[in-house]
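First the proteins, then the strands, lettered A, B, ... as listed; each starts at 1.
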Protein chains: 2
Amino acid sequence: MKIPVMEIFGPTIQGEGMVIGQKTMFVRTGGCDYSCSWCDSKFTWDGTGKSTAMKAEEIIDSLKEIGEEAFSHITISGGNPALHKGIGELINQCHEQGWKVAIETQGSFWQDWLLDIDDVTISPKPPSSLMKTDFDQLDLFMQNLIDANVSLKVVIFNEEDFTYAEMIHTRYPVVPFYLQVGNDDVLTVDDQALVSSLLKRFEWLIDRSMKSTIMNDAKVLPQLHALIWGNKRGV
Amino acid sequence: MKIPVMEIFGPTIQGEGMVIGQKTMFVRTGGCDYSCSWCDSKFTWDGTGKSTAMKAEEIIDSLKEIGEEAFSHITISGGNPALHKGIGELINQCHEQGWKVAIETQGSFWQDWLLDIDDVTISPKPPSSLMKTDFDQLDLFMQNLIDANVSLKVVIFNEEDFTYAEMIHTRYPVVPFYLQVGNDDVLTVDDQALVSSLLKRFEWLIDRSMKSTIMNDAKVLPQLHALIWGNKRGV
Ligand code: SF4
Ligand code: SF4
């Protein structure tokens with residue numbers, strides 16, 4: 001079963017969430033069932049990017065060609081990678097190579113292969129995305145993943161998003177919880193202005209989280225990628 | 001047994017290492033058996049700062065007064081906190097309150113209470129520190145902590161430090177391993193220049209680590225504190 005692949009690159013570091021800093025290769029799939037207002041990967045679903053249909057073994061070959069021997073961890077990102085049944089086979093083949101596999105998905109579409117992933121990030125989208133969370137789906141995800149190495153991550157742009165994050169963390173209190181600064185300018189090429197705006201927003205998010213007793217055991221993180229490389233792709 | 005305390009502050013986020021982003025209170029102890037050339041906490045041991053001898057229960061009271069209800073995690077830092085036997089009692093009392101406890105120490109001086117810590121970071125110092133690692137001590141640490149939630153972290157300033165880090169990671173291959181960008185200007189108050197220099201050095205460290213197959217499963221991280229607050233203390 002083929003997988004629509006937008007890009008394969010690395011090794012680089014994972015810039016976000018539960019495996020922040022981890023040396024990893026990226027496989028980015030095309031297609032998303034959402035259309036978040038601030039999506040930083042619109043090219044995966046808005047028709048401006050092109051995907052190539054690839055078999056699992058072709059992706060493995062490509063990873064080896066691009067990353068040579070310098071990696072042992074794969075991140076499958078999107079779009080929403082959970083749209084693609086074929087990823088199950090890719091995960092198996094990665095594990096055969098001795099590689100670990102991480103994924104991020106919004107928790108809208110279940111695949112049984114999610115149970116085979118080493119690091120699962122579920123990232124429900126807050127109000128500023130203009131998307132609606134299907135809580136029946138999300139409950140099902142969190143139930144199914146109860147024994148997995150799973151975390152929840154919510155991207156925050158404003159106070160309303162923060163309230164949504166508090167509600168999510170309260171609903172699934174035992175799941176490790178990450179707050180992430182939103183990038184509200186995914187087009188600028190002025191890296192220095194972007195860095196200083198992102199750091200200011202990060203400081204706001206830290207302050208806000210410090211005041212919330214609901215967030216006592218949360219982790220608050222920036223996107224390291226945006227700080228280092230701005231909005232550049234493929235790094 | 002009293003503990004020499006330099007400062008208690010928070011809640012803020014942990015800016016480094018295995019619990020990066022974690023909401024936490026800080027208890028900083030005085031005194032260090034090292035004198036690293038680039039130490040960013042020299043005031044804990046060079047005579048410019050003053051410590052207060054405090055009992056565990058006084059520290060607990062102070063934490064509650066400063067952090068109110070808005071925390072559930074304590075980071076004990078230094079100096080080298082492992083110099084102080086009295087911290088064992090502090091850990092017990094934190095656990096009685098339902099708080100988790102993290103610590104960072106260079107691995108030069110063993111205390112049995114290290115076995116009770118929830119997140120232990122051992123940070124051997126590379127050549128640029130001008131300190132010498134006692135590998136008998138470090139081997140003992142890593143043996144004792146084999147079942148603990150422990151990680152190794154090495155701060156990197158140059159190529160020689162990187163070679164040292166490769167040697168450390170190779171010596172203890174199963175211990176989660178973190179590379180951290182060194183801050184080579186712990187005095188500047190020009191935050192913007194510091195941020196851009198730290199991000200450049202971070203990019204160098206990422207590039208360097210991507211080329212090292214020894215570092216395939218490592219994590220590469222900046223110090224979030226320095227990026228947000230520069231060299232300011234108590235944040
Ligand atoms: S779920 Fe992710 S990929 Fe899909 S639109 Fe939202 S941000 Fe973009
Ligand atoms: S071990 Fe830590 S506190 Fe002690 S001198 Fe070195 S950097 Fe400073």
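- Going from atom OH of Tyr178(B) over to atom CD of Gln22(A) covers 8.5 Å, rounded to the nearest 0.5 Å.
- Closest heavy-atom contact between Glu69(A) and Asn216(B): O-ND2, 2.8 Å.
- Residues Leu227(B) and Leu199(A) come closest through the heavy atom pair O-CD1, 3.5 Å.
- Counting all heavy atoms, side chain and backbone alike, Ala70(A) lies closest to Thr213(B) at CA-CG2, 4.1 Å.
- Residues Ile13(B) and Met210(A) form a side-chain contact, since some pair of their non-hydrogen atoms from C-beta on lies under 4.5 Å apart.
- Taking OG of Ser72(B) as the start and CE of Met215(A) as the end, the distance is 12.5 Å to the nearest 0.5 Å.
- Among the candidates Pro11(A), Ser196(A), Gly21(A), the residue making the largest number of heavy-atom pairs closer than 4.5 Å to chain B is Gly21(A).
- Interface remark: Ser209(A) contributes backbone atoms only to the contact with chain B (heavy atom separation under 4.5 Å).
- With a threshold of 4.5 angstrom between heavy atoms, Glu68(A) does not approach chain B through any atom at all.
- Of the atoms belonging to Ile20(B), heavy atoms from both backbone and side chain fall under 4.5 Å from chain A.
- Of the atoms belonging to Phe202(B), it is side-chain heavy atoms, and not backbone ones, that fall under 4.5 Å from chain A.
- Proximity of Gln14(A) to Lys219(B): side-chain heavy atoms (C-beta onward) are nowhere separated by under 4.5 Å.
- Top candidate by heavy-atom pairs under 4.5 Å with chain A, chosen from Val220(B), Asp217(B), Thr24(B), is Val220(B).
- Counting heavy atoms from C-beta outward, Trp229(A) and Ile206(B) have side chains that approach closer than 4.5 Å.
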